[in-house]
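Each remark here refers to the structure printed beneath this line.
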Amino acid sequence: MRLIVKTVTRVTIGLVFMFGLFLTFQGHLNLGGGIAGGVIVALALILDVLAFGRAQRELIESRQKALASMVTGAVFFLLLACSGYAGYGLKMCGNYGFFLYNFLPKGAEGKILSAGLIPFYNLAITLALSGALFSVFLSLTYFVVQVKEEVEE
Amino acid sequence: MAELYLLLVFIIIAALVAIENHNLLSSVISLGAAGLGLCVIFLLLGAPELALTQLVVEVLALIILVRATVTKTAPETYKGRELVSYSITGIFIIIFMAFAAYAFRCLPGFGFPAEKVAKYFLENGLSQTGAQSVVSAIALDFRAIDSLAAVAVIFAAVIGTLSILRIRGRKGINERDEIDS
């Protein structure tokens, strides 16, 4: 890409990334949440690739990392959901904890660390969604590169 | 309400253009126009959370689709089966419309909060979950299993995409299925 695009990207990409994380971490207080935050984080990563480009090997490595992020997020979500069973020892809820039970204390209204497990759910969704979308984008890019090579051969 | 109907007409026109256009890039762009119109409608109806999510998803989908379509030509069309497929589509549209007409009669009026469960969520969201945003309270506490399913669906979709988008391991153009012999 041109110099102007690169310079503007270099200045703004951190802000875009921070905005995504901001939406994630205040999702239980205001607009935002894991889905919007995750998509914006993925957009920041895509902007990076579009502006600066990647070598083929780096494309594959980035895709591995994005897939690892996706798997981590999904498994994290599932573990959080299963941790509801641990609610038995921490707080009595009837006689047993259950799947997706929000066992952490609710905390003060309006604080970042409130609403029990909801911020952690948001974080897990952000990890999974940003990794998933970024890996789809990288796969498409890599596919186009490979098709071009095949046509040239 | 007039602007709402204007936007709806705009979305319908954009969708028709997207379907009828033979240039894939133009189709993708008019699809994006339809999505952005939906985003404005969400804003007008007072749902900024939905509008935000719709906007960012729309932008990302536009980028991915443009990336996917920009180097490819239009896909091949299927010929010879128009009559059967059109008649089956027509039958299903009629069945769907009949059920929809029956169901819409039973619904409460637009914007009329008659659903007791929704009212319970609105009243007890903060006190039971501690989350100030009632959307988060519903999406990640009352109906968290929906979010779990959404993550699972994204996971499956990405796995499917990755298995389709590959060069190595695919069949060649002239290669035949092993089942044929």
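Bear in mind that the values here come from a model prediction, so they are computed numbers and not experimental data. Proteins come first, then strands; the chains are lettered A, B, ... in the order of their sequence lines, and each starts at number 1.
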F42(B), CZ: over 12 other non-hydrogen atoms inside 6.0 angstrom = yes
ask   = If you measure from CZ on F134(A) to CD1 on I64(B), what distance do you get to the nearest 0.5 Å?
value = 11.0 Å
Minimum side-chain heavy-atom gap L60(B)-F137(A) below 4.5 Å = no
query = What are the two closest non-hydrogen atoms of V56(B) and A36(A), and how far apart are they?
reply = CG2-CA, 4.2 Å
ask   = Given that the side chain runs from C-beta out, which part of A137(B) has a heavy atom under 4.5 Å from chain A: side chain, backbone, both or neither?
value = backbone
key: Step-by-step side-chain contact (heavy atoms from CB on, under 4.5 Å) determination, V71(A) to F155(B)   = CA-CA 8 Å; V71(A) 174; F155(B) 198 90; 3.9 Å; yes
request  = May I ask whether I94(B) and V84(B) are part of the same hydrophobic cluster, defined by side-chain heavy atoms of I, L, V, M, F, W, Y residues being less than 4.5 angstrom apart, directly or through others?
outcome  = no
inquiry  = Less than 4.5 Å to any heavy atom of chain B: does that hold for the side chain of I118(A), its backbone, both, or neither?
reply    = both
message = With a 4.5 Å cut-off on side-chain heavy-atom distances among I, L, V, M, F, W and Y, is there a chain of contacts connecting V28(B) to I13(B)?
response = no
request  = Take V158(B) and L67(A) through the test side-chain contact (heavy atoms from CB on, under 4.5 Å) and record every step on the way to the result.
outcome  = CA-CA 9 Å; V158(B) 170; L67(A) 285 175; 4.1 Å; yes
ask   = Would the number of heavy atoms belonging to other residues, nucleotides or ligands and lying under 6.0 Å from CD of E20(B) be above 12?
value = no
ask   = Going only through I, L, V, M, F, W and Y residues with side-chain contacts under 4.5 Å, is there a path from I40(A) to L43(B)?
value = no
inquiry  = Taking the side chain as everything from C-beta on, heavy atoms only, tell me whether I63(B) gets closer than 4.5 Å to L43(A).
reply    = yes
query = When heavy-atom pairs shorter than 4.5 Å are enumerated against chain B, which of T141(A), L80(A), L117(A) gives the highest number?
reply = T141(A)
ask   = Counting only heavy atoms not in L113(A), do more than 12 fall under 6.0 Å of its CG?
value = no
key: L52(B) versus chain A, the contacting section by heavy-atom distance below 4.5 Å   = side chain
query = With hydrophobic residues grouped by side-chain heavy-atom distances under 4.5 Å, do L127(A) and I35(A) end up in a single group?
reply = no
request  = Provide the closest heavy-atom pair for L140(B) versus F77(A) in the form atom of the first, atom of the second, distance.
outcome  = CD2-CE1, 4.5 Å
remark   = side-chain contact (heavy atoms from CB on, under 4.5 Å) test vs L129(A) passes for just one of V57(B), I154(B), V151(B), namely I154(B)
task = Check each atom of L29(A) against the heavy atoms of chain B and say whether the ones under 4.5 Å are side chain, backbone, both or neither.
result = both
ask   = Is the CG atom of L45(A) crowded by more than 12 outside heavy atoms at less than 6.0 Å?
value = yes
message = More than 12 heavy atoms of other residues, nucleotides or ligands under 6.0 Å from CD1 of I4(A): yes or no?
response = no
request  = Please name the pair of heavy atoms, one in S139(A) and one in L162(B), separated by the smallest distance, quoted to 0.1 Å.
outcome  = OG-CD2, 2.8 Å
task = Evaluate the side-chain proximity of S133(B) to L31(A): yes if any heavy-atom separation is below 4.5 Å, no if none is.
result = no
ask   = Do L38(B) and V9(B) belong to the same hydrophobic cluster, where Ile, Leu, Val, Met, Phe, Trp and Tyr are linked whenever their side-chain heavy atoms lie under 4.5 Å apart, directly or via other members?
value = no
task = Give a yes or no on whether the backbone of G27(A) and the side-chain of S136(B) come within a donor-acceptor separation of less than 3.5 Å.
result = yes
